[in-house]
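One structure is given here, and the rest of the page talks about it.
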Amino acid sequence: MRRSDDFTSVLRAGVRSRRGSVVVHLSRDLTAGAPPQVGLIVGRSVGGSVVRHRVARRLRGQLAGRLTTLPEGSGVVVRALPDAAEATSARLGADLDAAFDRLLR
């Protein structure tokens, strides 16, 4: 996801779930028939530039293996909370799994 309009539509129209160090927003009807689109929000509250980029890399790595579980045409925005700065990749993955389990029920 690259356009701010896509982020805005998912944040406004989607459902959300906060689990641990992430908040996941899911909109099931972003683009019909297309593969799922994913966007990340890692704000300054997470930390400095180096920390934010490290968190974004970890989240991207965890999300890559979970794309097949998302419905076609859906949009997902993952917002990192300040706790994500000190979370391990395994914990970020567990938080994502818990959030997706709730949202995809």
Can you tell me how far apart CZ (Arg91) and CZ (Arg58) are? Round to the nearest 0.5 Å.
11.0 Å
Measuring from Leu11:CG to Ile41:CD1, what's the distance to the nearest 0.5 Å?
5.0 Å
Less than 4.5 Å apart, side chain to side chain, heavy atoms only: is that true for Leu26 and Phe100?
no
Please indicate whether Arg79 has more than 12 foreign heavy atoms, meaning atoms of other residues, nucleotides or ligands, lying under 6.0 Å from its CZ.
no
To check you understand the geometry: which heavy-atom pair defines the closest contact between Arg52 and Val42, and what is its length?
CD-O, 3.4 Å
Working to the nearest 0.5 Å, report the span between OG of Ser9 and CZ of Arg3.
8.5 Å
Considering non-hydrogen atoms only, spot the tightest contact between Ser21 and Ala87 and give its length.
OG-CB, 4.2 Å
Heavy-atom nearest pair, Val46 first then Leu81, reads CG2-O, 3.8 Å
Between the OG atom in Ser49 and the CZ atom in Arg44, the distance rounded to the nearest 0.5 Å is 10.0 Å
Evaluate the side-chain proximity of Arg19 to Val24: yes if any heavy-atom separation is below 4.5 Å, no if none is.
no
Are side-chain heavy atoms of Leu59 and Leu96 found at a separation under 4.5 Å?
yes
Is Val38 close to Leu70 at the side-chain level, that is, under 4.5 Å between some pair of heavy atoms?
yes
Under 4.5 Å between side-chain heavy atoms, hopping through other hydrophobics if needed: is there a path connecting Val23 to Val55?
no
Check whether any side-chain heavy atom of Leu104 lies under 4.5 Å from a side-chain heavy atom of Arg28, and answer yes or no.
yes
Checking Arg60 side chain against Leu40 main chain: does a donor-acceptor pair fall under 3.5 Å?
no
Does Val10 reach the side chain of Gln37, with side-chain heavy atoms less than 4.5 Å apart?
no
